[in-house]
Protein chains: 2
Amino acid sequence: MKIDPTHILKEHSLKHTKQRVRVLEEIALDTVAISQPELEKKLGKEIDRVTLYRILNIYEDKGILHRIMDMNGTANYAICSSACSEDHHHDEHIHFNCTNCHKIYCLDVVVPHSTMPKGFTAKTVSTTAYGICEKCNLLVKKN
Amino acid sequence: MKIDPTHILKEHSLKHTKQRVRVLEEIALDTVAISQPELEKKLGKEIDRVTLYRILNIYEDKGILHRIMDMNGTANYAICSSACSEDHHHDEHIHFNCTNCHKIYCLDVVVPHSTMPKGFTAKTVSTTAYGICEKCNLLVKKN
DNA sequence: AATATAAATGCAATTTAATTGCATTTATAT
DNA sequence: ATATAAATGCAATTAAATTGCATTTATATT
């Protein structure tokens with residue numbers, strides 16, 4: 001995914017710092033979501049733990065990043081599609097969480113709407129499929 | 001939900017201890033899922049923290065309890081429908097996570113199947129809707 | 001270009017959550 | 001009644017997240 005960190009920051013009136021740029025760059029490297037621990041490992045020498053927490057929180061609040069929880073309660077981050085805004089994350093696509101490599105993919109599959117029971121009003125719906133991803137399926141076949 | 005802890009334990013060849021019975025009873029009290037911190041608060045004087053962790057893990061492994069992660073990465077537990085077994089949780093219903101009271105409901109809405117992209121094989125699909133639950137909607141109207 | 005200032009960062013310290021090891025207790029098969 | 005294998009509780013450890021504060025940095029203004 002090609003992104004323009006400087007533009008994104010300006011768009012949300014956030015100060016342009018090298019730490020904020022690095023975080024965006026790192027997350028944009030891959031189409032799959034990256035986990036908090038992975039990010040920490042990759043950026044730990046450049047960016048303080050606490051700063052990373054704060055940057056991720058701000059990005060989530062602003063709708064720049066999209067946070068997906070995996071089965072272990074670990075936060076994973078991906079760049080939001082441009083349709084996301086501060087008050088409403090458009091999560092109506094499927095997340096595929098590979099139980100082998102633990103990667104989380106944002107699939108371009110639209111989730112069919114299900115109607116809520118009377119009294120319940122849903123704002124966002126998040127769907128996660130657990131299974132084996134493309135890459136891991138290929139690896140298994142080879143062995 | 002009416003459950004028979006003794007029977008459930010026997011069914012899964014688990015030893016019958018008062019702690020295990022208490023945990024099942026407590027969780028069965030309500031149809032909504034209960035969070036780990038809530039359980040700890042309720043049972044903290046009867047059951048040791050560590051024991052609670054272990055019991056919950058075993059129950060999840062055996063398919064007795066169903067663990068649902070909320071947005072904060074907090075584990076919530078509900079009794080599994082009888083269709084769940086050790087190797088396969090049947091989660092193909094919707095969880096409704098109220099953003100006001102934070103309760104998680106297991107709704108009796110069947111999720112329409114979406115087909116996975118080529119190469120991806122899904123084993124379970126979990127859908128969570130975020131919004132305002134029945135009770136909280138009523139409260140809001142009153143004010 | 002210099003500078004004022006408001007915000008972001010990094011570090012230390014703290015708080016909270018989860019895990020591990022081990023001695024004691026308990027359930028159950030004989 | 002008792003042997004034994006498993007479960008529990010406690011203490012200690014490890015890991016994760018948060019808070020407070022001094023220092024640094026970005027940017028608006030002169």
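Reminder, nothing fancy here: chain letters follow the sequence lines and each chain counts from 1.
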Position toward the 5' end of DNA chain D (nearest nucleotide), K18(B) or V50(A): K18(B)
If only side-chain N and O atoms of Q19(B) are considered, is one of them under 4.0 Å from the OP1 or OP2 phosphate oxygen of dG9(D)? yes
Does some side-chain heavy atom of L56(A) sit less than 4.5 Å from a side-chain heavy atom of I27(A)? yes
Want to settle it: does H16(B) or P37(B) sit nearer the 5' end of DNA chain C, counting the closest nucleotide to each? P37(B)
Atom CG of L56(A) and atom C1' of dA17(D): how far apart are they, to the nearest Å? 13 Å
Side chain of Y53(B) - closest among dC22(C), dT9(C), dA18(C): dA18(C)
Want to know the stems of DNA chain D: at least 3 consecutive Watson-Crick or G-U pairs with distances under 3.5 Å, which are they? C:1-30 with D:1-30
Does the side chain of T74(B) reach to within under 4.5 Å of the side chain of H102(B), using non-hydrogen atoms? no
Less than 3.5 Å apart, any donor N or O on the side chain of D70(A) or S35(A) sitting next to an acceptor on the other? no
Would you confirm whether N137(A), through its side chain, and G119(B), through its main-chain N or O, come within 3.5 Å as a donor-acceptor pair? yes
Return the value, rounded to whole Å, for the distance between atom CZ of R49(B) and atom P of dA12(D). 16 Å
Do the side chain of R67(B) and the main chain of M71(A) share a donor and acceptor less than 3.5 angstrom apart? yes
How close or far is atom P of dG20(D) from atom CZ of R54(A), stated in whole angstroms? 11 Å
Does a side-chain N or O of R20(A) approach OP1 or OP2 of dA8(C) to a distance below 4.0 Å, or not? yes
Shortest side-chain distance from T51(A), nucleotide among dG10(C), dG9(D), dT8(D): dG10(C)
Please tell me which of the listed nucleotides, dC11(C), dG9(D), dA17(D), lies nearest to the side chain of Q36(A)? dA17(D)
From NE2 of H12(A) over to P of dA8(C), roughly how many Å is that when rounded to an integer? 15 Å
Can you identify which nucleotide, out of dC21(D), dA5(D), dA16(D), has its nearest atom closest to the K15(B) side chain? dA5(D)
May I have the distance from I47(B) (atom CD1) to dT26(C) (atom P), rounded to whole angstrom? 14 Å
What distance separates I68(A) CD1 from I104(A) CD1, expressed to the nearest 0.5 Å? 5.5 Å
Base, sugar-phosphate alone, or nothing: which one does E40(A) contact when heavy atoms must sit under 4.0 Å apart? nothing
Spacing of R22(A) atom CZ relative to dT9(C) atom C1', expressed in whole Å: 16 Å
Is it true that R22(B) and E25(B) make a salt bridge, defined as a side-chain N closer than 4.0 Å to a carboxylate O? yes
How many Å lie between CG on D48(A) and P on dT24(D), as a whole number? 15 Å
Does the ring center of Y77(A) lie less than 6.0 Å from the ring center of Y59(A)? no
Take atom CG of N57(B) and atom C1' of dT8(D), then tell me their distance rounded to the nearest Å. 15 Å
Between T17(A) and dT9(C), does any side-chain N or O lie under 4.0 Å from OP1 or OP2? yes
